[in-house]
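These notes concern the structure reproduced below.
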Amino acid sequence: MDSEEHPESTPIILGLDVTGSMGSVLTTISKKLNVLIQEILDREPVKDPQIMVMAFGDTECDRYPLQVTQFESDIRIAEQLNDIYFERGGGGNDGESYSLPWYFAARKTKTDAYLKRNKKGYLFTMGDEKYLDVLGKDRIKYFIGDDVQANLTAEELYNEVSKQYVCYHLLIEEGCGMRVRGREVIDKWQNLMGQYAIPVADCTKIPEIIVSILQVEAGKDKEAVTKSWDKSTALVVDKAIKNLEIAKGKEGLIEF
């Protein structure tokens with residue numbers, strides 16, 4: 001929500017796959033989320049950032065496939081991050097419930113950016129596996145409490161959440177799923193999301209990649225954004241954002 005201190009709030013959701021296939025990479029990324037949060041608050045790549053963190057897994061296998069913090073405008077969000085439980089579950093069912101964060105964002109968040117200014121927020125998911133094609137209505141009822149008439153496909157939920165959020169997915173190449181079936185995983189995500197599914201070779205650079213994406217979304221020149229980082233980081237950022245094409249004057253705006 002907007003406030004006197006933050007009159008043009010921009011919602012940003014950071015969602016992390018906490019299943020077992022992420023392995024030791026999960027610890028690395030979780031530590032980097034604190035850095036990312038501080039970078040977003042310090043650099044303000046978008047106006048008045050309000051940050052939510054999600055941890056998600058597999059609704060077919062896990063006991064706790066979705067955990068969600070509040071939206072926060074200061075470092076209190078990092079304190080909430082410390083309370084998230086890394087279940088390290090998942091199973092051999094050829095994917096994880098990446099559409100669950102989309103469902104929650106689409107149907108369980110209310111933002112002034114969307115309601116007052118017709119402006120989208122930003123949702124970043126991070127993981128190493130393919131997405132499950134279907135989110136079962138029984139799983140939605142059990143874990144969230146909502147009654148829906150039918151199962152929902154990942155494509156349906158992606159299209160629905162995209163009305164309120166610009167959605168990105170960072171494909172973590174150091175995770176087991178990407179190491180074993182990288183091309184297959186990338187192809188599936190890019191068939192759904194196109195340029196917004198971005199392979200990441202070095203997970204330690206996630207803060208810089210996400211901040212750079214937000215800067216490009218806000219209208220900054222990609223080359224200038226890349227050059228703002230040191231040389232080694234700039235190489236990783238350039239690879240991540242080089243194919244992004246953001247329509248000038250339409251960043252995050254909702255078209256009716």
Checklist entry - When rounded to the nearest 0.5 angstrom, what is the spacing between CE in Met126 and CG in Asp17? => result 10.0 Å

Next on the checklist: If we ignore hydrogens and angles and just use 3.5 Å, is the side chain of Gln195 paired with the main-chain N or O of Glu245 as donor and acceptor?
Outcome noted: yes

Next on the checklist: Could you go through Leu170 and Ile210, starting from their C-alpha distance and side-chain angles, then the distance that decides it, and tell me whether this counts as side-chain contact (heavy atoms from CB on, under 4.5 Å)?
Outcome noted: CA-CA 9 Å; Leu170 303 187; Ile210 289 181; 3.8 Å; yes

Next on the checklist: Has Thr10 got a side-chain atom pairing as donor or acceptor with Lys47's backbone, closer than 3.5 angstrom?
Outcome noted: yes

Checklist entry - Checking Tyr98 side chain against Ala154 main chain: does a donor-acceptor pair fall under 3.5 Å? => result no

Checklist entry - Roughly how far, to the nearest 0.5 Å, is the OH atom of Tyr196 from the OH atom of Tyr158? => result 7.0 Å

Checklist entry - Below 4.5 Å, heavy atoms only, C-beta onward: do Leu100 and Ile144 meet side chain to side chain? => result yes

Checklist entry - Any sub-3.5 Å donor-acceptor pair from Lys120's side-chain atoms to Ser162's backbone N or O? => result yes

Item to check | Residue pair Asp2 / Ser9, side-chain donor-acceptor N/O under 3.5 Å | outcome: yes

Item to check | Result of checking Ile12, Leu14, Thr69 against Met52 for side-chain contact (heavy atoms from CB on, under 4.5 Å) | outcome: Thr69

Checklist entry - Is it true that a side-chain atom of Asp62 and a backbone atom of Tyr64 form a donor plus acceptor pair closer than 3.5 Å? => result no

Next on the checklist: One pair to check against side-chain contact (heavy atoms from CB on, under 4.5 Å): Arg107 and Glu160. What are the steps and the verdict?
Outcome noted: CA-CA 9 Å; Arg107 302 195 182 188; Glu160 182 177 344; 2.9 Å; yes

Next on the checklist: Under a 3.5 Å distance rule, please check whether Asp128 uses its side chain to pair with a backbone N or O of Ile172 as donor and acceptor.
Outcome noted: no

Item to check | Ring-ring centroid check Tyr122 Tyr168, cutoff 6.0 Å | outcome: no

Item to check | hydrophobic_cluster_shared for Leu41 and Val35, side chain cutoff 4.5 Å | outcome: no

Checklist outcome for this item: Residue set satisfying side-chain hydrogen bond (donor to acceptor under 3.5 Å, both in side chains) with Lys188, at least two apart, ordered chain then number -> Asp133

Next on the checklist: Quick check against the 3.5 Å criterion: does Lys222 have a side-chain atom that pairs as donor or acceptor with the backbone of Leu244?
Outcome noted: yes

Checklist entry - Do you know which two heavy atoms are closest between Leu132 and Asn93, and how far apart they sit? => result CD2-O, 3.5 Å

Next on the checklist: To check you understand the geometry: which heavy-atom pair defines the closest contact between Leu152 and Glu156, and what is its length?
Outcome noted: CA-OE1, 3.5 Å

Next on the checklist: Measuring from atom CG of Asp74 to atom CD1 of Ile51, what distance do you get when rounded to the nearest 0.5 angstrom?
Outcome noted: 9.5 Å

Checklist entry - Does CZ belonging to Arg63 count more than 12 external heavy atoms closer than 6.0 Å? => result no

Checklist entry - What is the minimum heavy-atom distance between Glu129 and Gly95, and which atoms define it? => result CB-CA, 4.5 Å

Item to check | Contact check, side chains of Leu16 and Val53, non-hydrogen atoms, under 4.5 Å | outcome: no

Next on the checklist: Run the side-chain contact (heavy atoms from CB on, under 4.5 Å) test on Phe124 and Leu214 for me, step by step, so that the C-alpha distance in whole Å, both residues' side-chain angles and the decisive distance to 0.1 Å come before the verdict.
Outcome noted: CA-CA 11 Å; Phe124 295 87; Leu214 291 171; 3.9 Å; yes

Checklist entry - In terms of the angle between their ring planes, are Trp189 and Tyr131 parallel, tilted or perpendicular, with boundaries placed at 30° and 60°? => result perpendicular

Next on the checklist: If only side-chain N and O atoms count, and only distance matters, is there a donor-acceptor pair under 3.5 Å linking Asn151 with Thr153?
Outcome noted: no

Checklist entry - Can you check whether Ala197's main-chain N or O pairs, donor with acceptor, with His169's side chain at less than 3.5 Å? => result no

Next on the checklist: Looking at every non-hydrogen atom in both residues, tell me the closest pair between Glu60 and Arg139 and how far apart they are.
Outcome noted: OE2-CG, 3.6 Å

Checklist entry - Does a donor on one side chain and an acceptor on the other come within less than 3.5 Å for Thr233 and Lys205? => result yes

Next on the checklist: Between Phe71 and Ile77, does the side-chain contact (heavy atoms from CB on, under 4.5 Å) criterion hold? Intermediate values first, please.
Outcome noted: CA-CA 7 Å; Phe71 282 107; Ile77 189 64; over 6 Å; no

Item to check | Pairwise distance SG(Cys167) to CG(Leu192) - rounded to 0.5 angstrom | outcome: 9.5 Å

Checklist entry - Is any side-chain heavy atom of Val161 less than 4.5 Å from a side-chain heavy atom of Tyr103? => result no

Item to check | Heavy-atom side-chain contact between Pro199 and Gln190 under 4.5 Å | outcome: yes

Item to check | Heavy-atom donor-acceptor pair, Gln215 side chain to Pro45 backbone, under 3.5 Å | outcome: no

Item to check | Qualifying residue for side-chain hydrogen bond (donor to acceptor under 3.5 Å, both in side chains) with Asp146, from Lys137, Lys141, Lys108 | outcome: Lys108

Checklist outcome for this item: What one should report as the nearest heavy-atom pair of Ala105 and Met54 is N-CE, 4.3 Å

Checklist outcome for this item: Nearest heavy-atom contact between Glu44 and Asp48 is OE1-N, 4.1 Å

Item to check | Counterpart residues, side-chain hydrogen bond (donor to acceptor under 3.5 Å, both in side chains), relative to Thr59 (two or more places apart) | outcome: Ser97

Item to check | Pairs flagged by salt bridge (charged side-chain N to carboxylate O under 4.0 Å, His left out) wherever residues 87-105 is involved - sequence neighbours left out | outcome: Asp94-Lys130, Asp94-Arg181

Next on the checklist: Any heavy-atom pair between the side chains of Val18 and Met22 that's under 4.5 Å?
Outcome noted: no

Item to check | Ile29 side, atom CD1; Leu36 side, atom CG - distance, nearest 0.5 Å | outcome: 11.0 Å

Item to check | Rounded distance (nearest 0.5 Å) linking atom CD of Glu208 with atom CD1 of Ile213 | outcome: 12.0 Å

Checklist entry - How far apart are the C-alpha atoms of Thr109 and Tyr114, what are their side-chain angles, what is the distance that settles it, and do they pass the side chain to side chain donor-acceptor pair (under 3.5 Å) test? => result CA-CA 10 Å; Thr109 66; Tyr114 178 72; over 6 Å; no

Checklist entry - Within a reach of under 6.0 Å around CD of Glu155, are more than 12 heavy atoms found that belong to other residues, nucleotides or ligands? => result no

Checklist entry - Counting N and O atoms only, with roles assigned by atom type, does the side chain of Ser212 sit under 3.5 Å from a partner on the main chain of Val225, one being a donor and the other an acceptor? => result no

